[in-house]
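First listed ligand is number 1; within each ligand, the first listed atom is number 1.
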Amino acid sequence: MSLEVPYFDLKRQSSSLAPEIEEALRRVISEAAFSSGPFVAAFEQEFARHIGCRHVVCVNSGTSALHLALLAMQLPEGAEVITTPMSFVATCWGISYCGLKPVFVDIDPRTGLIDLERVAAAVTPRTRVLLPVHLYGNAVDPRRLREVADAHGLRVLEDAAQAHGTLHGGRHVGHSFASGAFSFYPGKSLGGYGEGGALVTDDDSTAAAARRLRDHGSSVRYHHEELGFNYRMDGIQAAVLSVKLRRLEEWILRRREIARQYDEAFRDLSLRLPVQADGARHSYHLYVIGTPARDALAEHLQQRGVGTARHYPVPLHLQKAYAFLGHKPGDFPHAERHAAECLSLPMFPEMTQQEISSVIGAVRSFHEQR
Ligand SMILES: *Cc1c(COP(=O)(O)O)cnc(C)c1O
């Protein structure tokens with residue numbers, strides 16, 4: 001009998017932190033600081049120190065952070081935003097909420113990240129923004145991003161929703177350009193006890209705009225300077241995130257150790273393994289392998305009690321919600337192949353050594369029987 005290994009088990013983290021979290025929640029309740037307030041302000045400072053950036057503006061989701069980041073750029077209606085077709089759909093929502101147009105550029109099949117060498121061919125006179133995604137916790141090279149953005153006069157918004165603890169050149173991703181968006185959705189590497197997100201930036205006016213926009217377009221109560229949103233963060237989320245942030249580095253190191261063991265164990269198998277970008281410290285939010293035998297492998301793992309997932313089974317250009325863009329299968333072949341072949345293995349810091357060994361044994365047994 002092999003051990004059951006869940007794809008993900010968030011309850012283990014919650015139970016190990018229970019006393020600290022319960023104490024933090026009691027403080028929020030006793031101060032009735034439920035929306036915005038001192039716990040959010042404190043977490044903003046802590047996260048800014050952690051990232052090494054000037055400003056963190058906490059909001060109610062990563063989707064809202066992306067939306068506000070684009071709004072703060074004050075782009076003309078119909079402007080084009082170049083992004084990747086291999087991401088979670090929320091990468092594109094903000095673009096659409098702002099009346100802008102997502103323009104996809106295929107991925108580098110080795111890394112699964114946007115292929116910056118293909119950006120030039122997608123630039124038109126309407127292109128204004130480059131929106132790379134630090135997918136799975138890997139890093140899109142900021143030096144190359146800078147060159148490509150400068151060559152075409154583009155601003156850069158980094159989708160860092162999966163990139164807590166991801167470094168490039170020793171620096172946290174997310175604040176090397178105009179702005180970056182993090183998500184604190186419960187399943188992310190740093191997650192709240194509900195929804196949450198943050199816009200990070202070194203630019204004072206971007207931060208000020210995001211602070212106004214998240215709070216009904218107002219910086220002085222009941223004076224509304226512009227059309228705003230209710231995108232504020234809950235005090236409870238901030239209090240939980242402050243407790244968890246203290247563990248983040250330790251959790252990322254554990255993720256990297258699990259990835260190292262997977263890498264080593266699978267090196268001789270005919271699988272595409274995650275490739276850490278040059279200069280990057282991958283944070284392994286997800287450990288995603290690729291194989292044309294994906295569905296058979298997933299079935300084999302399931303029979304051995306090993307949970308898996310697919311990130312993501314449908315590339316963005318083929319999502320029904322974006323059918324109006326008029327794309328068809330074959331438009332972005334690398335992304336389509338990735339969608340058909342990707343398989344996410346169990347990857348969370350609380351995995352036991354026995355569970356890691358079970359995953360390794362189950363994946364290896366699939367290849368040995370063939
Ligand atoms: C999770 C995620 C988002 C959206 O964040 P939410 O907090 O769920 O709104 C955006 N982009 C990527 C790549 C994500 O993984």
Side-chain angles (χ1 to χ4, degrees), residues 7-8 10 40 43 47 56-71 81-98 100 102 104-105 107 111-114 129-140 156-166 173-174 179-200 210 213-214 229-234 236-238 240-241 244 255 274 277 282-288 309-317 319 321-322 335 338-339 342 344 347-348:
Y7 167 65
F8 184 39
L10 199 48
V40 173
F43 175 68
F47 198 60
V56 170
V57 181
C58 282
V59 290
N60 60 351
S61 72
T63 303
S64 301
L66 288 162
H67 183 194
L68 294 191
L70 288 167
L71 275 176
V81 179
I82 292 181
T83 192
T84 170
M86 182 42 61
S87 185
F88 180 59
V89 68
T91 295
C92 277
W93 288 153
I95 301 173
S96 299
Y97 299 164
C98 290
L100 310 172
F104 299 113
V105 162
I107 59 171
T111 60
L113 302 169
I114 187 168
V129 181
L130 186 53
L131 202 174
V133 179
H134 300 298
L135 195 69
Y136 309 146
N138 207 352
V140 179
V156 178
L157 164 57
E158 296 170 77
D159 183 338
Q162 301 184 357
H164 317 77
T166 300
V173 300
S179 46
F182 283 86
S183 165
F184 305 118
Y185 175 77
K188 298 288 158 79
S189 293
L190 177 63
Y193 283 11
E195 307 283 340
L199 179 154
V200 305
L213 290 164
R214 75 172 167 182
F229 300 83
N230 178 358
Y231 280 176
R232 294 170 306 216
M233 178 179 268
D234 290 346
I236 282 178
Q237 304 315 329
V240 167
L241 291 166
K244 287 190 164 196
R255 287 175 180 276
H282 199 315
S283 60
Y284 295 101
H285 171 57
L286 300 173
Y287 188 93
V288 179
R310 283 152 208 198
H311 298 91
Y312 293 90
V314 181
L316 301 182
H317 67 287
Q319 293 286 354
Y322 281 108
H338 186 90
C342 63
S344 307
M347 167 56 77
F348 53 99

- prompt: Does a donor on one side chain and an acceptor on the other come within less than 3.5 Å for Ser344 and His311?
  reply: yes
Write out each pair where an N or O from ligand 1 and one from the protein are under 3.5 Å apart, with the distance.
residue	atom	partner	partner atom	Å
ligand 1	5 (O)	Ser183	OG	3.3
ligand 1	7 (O)	Gly62	N	2.7
ligand 1	7 (O)	Ser183	OG	2.6
ligand 1	9 (O)	Gly62	N	3.3
ligand 1	9 (O)	Thr63	N	2.9
ligand 1	9 (O)	Thr63	OG1	2.5
ligand 1	11 (N)	Asp159	OD1	3.3
ligand 1	11 (N)	Asp159	OD2	2.8
ligand 1	15 (O)	Gln162	NE2	2.8
ligand 1	15 (O)	Lys188	NZ	3.1

field: Sequence-distant partners of His317, ring-ring contact (aromatic ring centres under 6.0 Å, His included), two or more places apart
entry: His327, Phe332
- prompt: Parallel, tilted or perpendicular: which describes the rings of Tyr136 and His338, with under 30° parallel and over 60° perpendicular?
  reply: parallel
Min side-chain heavy-atom separation Val59-Phe229 under 4.5 Å: no
- request: Report, as yes or no, whether the 6.0 Å neighbourhood of atom OH on Tyr231 holds more than 12 heavy atoms from other residues, nucleotides or ligands.
  value: yes
query: Can you say whether the rings of Phe184 and His164 are parallel (under 30°), tilted (30 to 60°) or perpendicular (over 60°)?
result: tilted
